[in-house]
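Every heavy atom of this structure was used, including side-chain atoms; hydrogens, water molecules and symmetry mates were not. Computed from a predicted model, the values in this text were never measured in an experiment.
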Amino acid sequence: MGAAAQALGIPQIEDALLPVGARELRISDSFPMVFGRPTTVVRIVEQAGAPAVGQLLLVWMERRDRPPSYRATACTPWAGSLRSCVFVSDAELDWPTIAAKFEALEAWTIDAPCESGSSRTLDAGSLGIARLAGDRASFYGCNAPASRGETEAGRIAMALYSYYLLIAGEAEQPPSA
């Protein structure tokens with residue numbers, strides 16, 4: 001999520017300033033074992049009295065010693081041999097409905113751990129939620145959310161992750177470089 005913000009030149013959520021009554025939600029997945037594959041960030045901004053608006057952002061890492069795989073909307077400056085790139089999808093979605101569904105699925109309020117133990121699963125995805133309401137930023141993470149149905153928080157995370165994947169699937173892939 002931070003890489004997409006950095007590449008686009010928008011503030012990290014904890015540094016963002018929103019008008020009174022506005023809030024922002026950024027939801028993403030990650031597969032740390034997969035380098036260079038685009039990951040979708042769902043970004044939704046809501047303002048009092050206005051319909052929610054959103055973006056689908058596909059973000060990936062590039063290495064200086066390899067040719068780029070995708071054409072990006074924007075990239076960060078090189079940090080040594082790496083940089084982050086982002087492609088802003090043109091997908092037209094019903095953002096007010098999507099925002100309402102994420103609200104109903106508790107994206108704004110979930111804070112209990114989804115895991116019922118201390119085990120972590122590698123290469124199984126991770127749900128990441130960054131929220132800004134007023135001047136209060138909060139974050140939520142769930143490792144391997146698709147297999148966390150043993151607790152109430154796990155079931156909520158599973159539902160959020162499933163819906164995130166549905167929305168993320170609407171993003172067209174970045175064009176080849």
For Ser126, is there any backbone N or O sitting under 3.5 Å from a side-chain donor or acceptor partner on Asp29? yes

Could you tell me whether the side chain of Arg63 and the main chain of Ser81 form a donor-acceptor pair under 3.5 Å? no

Could you check whether any side-chain N or O of Gln47 sits under 3.5 Å from a backbone N or O of Pro19, counting only pairs where one atom can act as donor and the other as acceptor? no

Treat each ILVMFWY residue as a node, draw an edge where side-chain heavy atoms are under 4.5 Å apart, and state whether Phe102 and Leu18 are in one component. no

Within the supplied structure, the quantity of interest is the number of heavy atoms (other residues, nucleotides, ligands) at a distance under 6.0 Å from Asp15 CG; does it exceed 12? yes

Hey, does the side chain of Gln6 reach the backbone of Thr76 with a donor-acceptor pair shorter than 3.5 angstrom? no

Smallest heavy-atom separation, Ser89 atom then Leu58 atom, equals CB-CD1, 4.1 Å

Closest non-hydrogen atom pair between Ala99 and Glu46, with its separation: CB-OE2, 3.8 Å

Can you tell if the side chain of Pro68 reaches within under 4.5 Å of the side chain of Cys85, non-hydrogen atoms only? no

Do side-chain atoms of Tyr140 reach the backbone of Ala112 as a donor and acceptor pair under 3.5 angstrom? yes

Heavy-atom side-chain contact between Ile44 and Ile27 under 4.5 Å: no

Output for pair (Ile98 CD1, Leu25 CG), nearest 0.5 Å, gives 11.5 Å

Leu105-Trp95 co-clustered via ILVMFWY side chain contacts under 4.5 Å: yes

Over all atoms of both residues, closest heavy-atom pair of Arg155 and Gly149: NH1-O, 2.8 Å

Taking the side chain from Arg148 and the backbone from Met158, do they hold a donor-acceptor pair closer than 3.5 Å? no

Show the numbers, then the answer: is there a side chain to side chain contact (heavy atoms under 4.5 Å, CB included) between Trp60 and Tyr70? CA-CA 9 Å; Trp60 64 93; Tyr70 307 105; 3.5 Å; yes

Measure the spacing between CG of Leu160 and NZ of Lys101 and express it to the nearest 0.5 Å. 9.5 Å

Of all the heavy-atom pairs spanning Pro113 and Ala153, show the shortest one and how long it is. O-CB, 3.3 Å

Can a donor-acceptor pair be found between the side chains of Ser138 and Arg131 at a distance below 3.5 Å? yes

Of the non-hydrogen atoms in Gly125 and Tyr161, which two are nearest, and what is the gap between them? CA-OH, 4.1 Å

When clusters are formed by joining ILVMFWY residues with side-chain heavy atoms under 4.5 Å apart, either directly or through shared neighbours, do Ile110 and Val42 land in the same one? yes

Transitive ILVMFWY side-chain link Ile156 to Leu166, under 4.5 Å: yes

Here the gap from Arg136 atom CZ to Arg23 atom CZ, rounded to the nearest 0.5 Å, amounts to 12.5 Å

Tell me if a side-chain donor or acceptor on Tyr164 pairs with a main-chain N or O of Thr40 at a distance below 3.5 Å. yes

Under 3.5 Å: donor-acceptor pair, side chain of Glu24, backbone of Leu132: no

What one should report as the nearest heavy-atom pair of Leu8 and Ala74 is CD2-CB, 4.4 Å

So CD of Gln55 and CG of Leu93: to nearest 0.5 Å the spacing works out to 11.5 Å

When you measure from the side chain of Thr73 to the backbone N and O of Val88, does any donor-acceptor pair fall under 3.5 Å? yes

Kindly compute the distance separating OG (Ser28) from CZ (Arg43), expressed to the nearest 0.5 Å. 13.5 Å

Please tell me whether Val53 and Ile10 are part of a single hydrophobic cluster in this structure, the criterion being side-chain heavy atoms less than 4.5 Å apart. no

